[in-house]
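Here the structure is laid out as structure tokens; the discussion comes afterwards.
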Amino acid sequence: MPRFPLPDLSVEGILAGLRSAVSGIEFASFEVGVSSASTDDKAKARVSSISFLSGAMGKKHDANNFDLYLIVYLDRGFVEATPQPLHIYGRYNKFSREVAQTFHYCFRCRGRGRGCRQCKGTGKLSDNSVQEILEKIFIPAFEAKESKFHGCGREDVDVRMLGNGRPFVLELVEPKKRSADLDALEKNVNSTFGEMAAVHGLRFSSKSEVEKIKNAEFSKVYSCLCLAGGIMPEEAVKKLAGRKIEIAQRTPERVEKRRADKERVKQAEITSAVPLSGTEFRLEIRSSHGLYVKEFISGDNGRTRPSISELLGVPCRCKELDVLEIVLPGENGVSGK
Ligand SMILES: [Zn+2]
């Protein structure tokens, strides 16, 4: 956090400190705090700061909803200015099986030093992510320090996110700019990175929407390219179409370390089943919130029952997975339940 020294502790000194602290920062509203051992000085400094910023500078004092938070440290002789986060809502598509949703440090070296063999020296879990792609455009546009990416759920790195995309909120931390042409930024992202990812429907959002999308329950439509361990009769595959299945799913082995091992009941509807070659077939599955679909295909060593492997009597696995649609409650009349 940059600190702007107070030339002296007089009212003029405080205003000079404030003037340099807010220079180059775009804000419409503010709040001021004062740090001092003297209650009297504190009150006086606050009153003159507020009247200066709202009077001479024409900004709005709003203690509940402010763009900029200023602290005048009378005791330490400087002013600190912290722009509040800015939130942008949109939906993203991910067209690559090598791009993750968010930035993550390598699990092994945690990004320290020069990385490790696991991450090929990058220090990162995946080379690129939707978050990093957006940062390249949004961080300079808003002169932000960094970003936080809040997705309405997530998909694995090797899963594409197609269709209408997945809702997200990009949080820009300490932005010095708060206005921009979001349509132009959207076009910039899509023309520069369109082979890997795209965004649409961008609009300014709020912290409360972050909570909303993080807690949303939704159903999903998947397209799964499945590979069977033996030749599959076409009829057996075709018979799966139209089936509605209640599934008892224990936490998959691959995520067991991160989530408590527990059995959950989920629903899936196989909306289409198309044989491709002797061992490959494609399923379209509409699943309830939180179904691990790869494990629904494989059976996860009996931890997901029934599974496609069990229904067909042949071990199967998901070779390629795409999310075709995220269906939020109230959309298309289908809820996540
Ligand atoms: Zn590493």
Side-chain angles (χ1 to χ4, degrees), residues 1 85 87-88 90 92-162 165-175 188-190 192-199 210 213-214 220 222 224-225 227 249-262 290-295 297-298 300-301 303-304 317-323 326:
M1 195 72 53
H87 301 86
I88 296 166
Y92 75 85
N93 292 113
K94 186 168 86 66
F95 305 120
S96 164
R97 299 191 192 280
E98 275 147 31
V99 172
Q101 184 194 59
T102 51
F103 171 87
H104 264 292
Y105 284 117
C106 167
F107 284 144
R108 193 159 165 222
C109 67
R110 294 171 198 276
R112 281 192 284 256
R114 293 186 179 185
C116 65
R117 230 190 304 167
Q118 179 114 4
C119 59
K120 299 189 184 79
T122 63
K124 301 195 289 182
L125 205 55
S126 57
D127 282 349
N128 213 338
S129 64
V130 175
Q131 179 179 14
E132 288 159 274
I133 285 170
L134 294 180
E135 281 183 343
K136 288 194 178 84
I137 305 290
F138 286 84
I139 295 234
F142 290 93
E143 297 181 35
K145 192 172 147 192
E146 58 185 340
S147 85
K148 291 176 190 167
F149 189 97
H150 309 283
C152 184
R154 60 164 65 238
E155 61 283 323
D156 292 340
V157 172
D158 61 351
V159 176
R160 297 189 299 173
M161 179 65 240
L162 308 177
R166 187 187 291 274
F168 70 93
V169 172
L170 184 71
E171 177 178 343
L172 294 162
V173 178
E174 290 179 32
N188 194 353
V189 169
N190 297 346
T192 314
F193 301 103
E195 280 176 25
M196 290 188 278
V199 289
V210 172
I213 69 162
K214 290 206 88 97
K220 275 193 263 189
Y222 288 101
C224 323
L225 177 61
L227 184 66
Q249 184 160 63
R250 277 176 65 192
T251 307
E253 279 176 337
R254 68 186 165 104
V255 295
E256 217 188 332
K257 289 181 205 91
R258 288 180 278 133
R259 291 189 70 179
D261 185 13
K262 169 174 154 187
L291 174 75
Y292 292 98
V293 74
K294 287 174 180 170
E295 283 71 19
I297 309 289
S298 71
D300 198 25
N301 295 319
R303 299 169 69 86
T304 296
R317 68 177 179 87
C318 179
K319 196 178 166 190
E320 279 180 0
L321 190 61
D322 295 325
V323 181
I326 304 275

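Whatever order the structure lists ligands and atoms in, that order sets their numbers, starting from 1.
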Anything protein N/O/S under 2.8 Å from the Zn ion (ligand 1)? Just list residue and atom, please.
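Those protein N, O or S atoms (cut-off: under 2.8 Å from the Zn ion (ligand 1)) are C106 SG, C109 SG, C116 SG, C119 SG.
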Quick check: does any side chain N or O of R97 sit under 3.5 Å from a backbone N or O of D158, one acting as donor and the other as acceptor?
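Checking the backbone N and O of D158 against the side chain of R97, a donor-acceptor pair under 3.5 Å is found.
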Do T304 and D300 meet the criterion of a side-chain donor-acceptor pair at a distance under 3.5 Å?
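No, no side-chain donor-acceptor pair sits under 3.5 Å.
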Does any pair with a residue in residues 101-122 pass salt bridge (Lys or Arg N to Asp or Glu O under 4.0 Å), and if so which ones, sequence neighbours excluded?
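Checked against salt bridge (Lys or Arg N to Asp or Glu O under 4.0 Å) - neighbours excluded - no pair reaches residues 101-122.
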Under the side-chain contact (heavy atoms from CB on, under 4.5 Å) rule, collect the residues that match up with T122, sequence neighbours excluded.
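Expected list: C119, K124, D127.
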Restricting to ring pair (Phe, Tyr, Trp, His ring centres under 6.0 Å), what partner residues turn up for Y105, sequence neighbours left out?
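Listed in chain order: F103.
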Should R254 and E295 count as an ion pair when the cut-off is N to O under 4.0 Å?
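Salt bridge between R254 and E295, a charged N being under 4.0 Å from a carboxylate O: yes.
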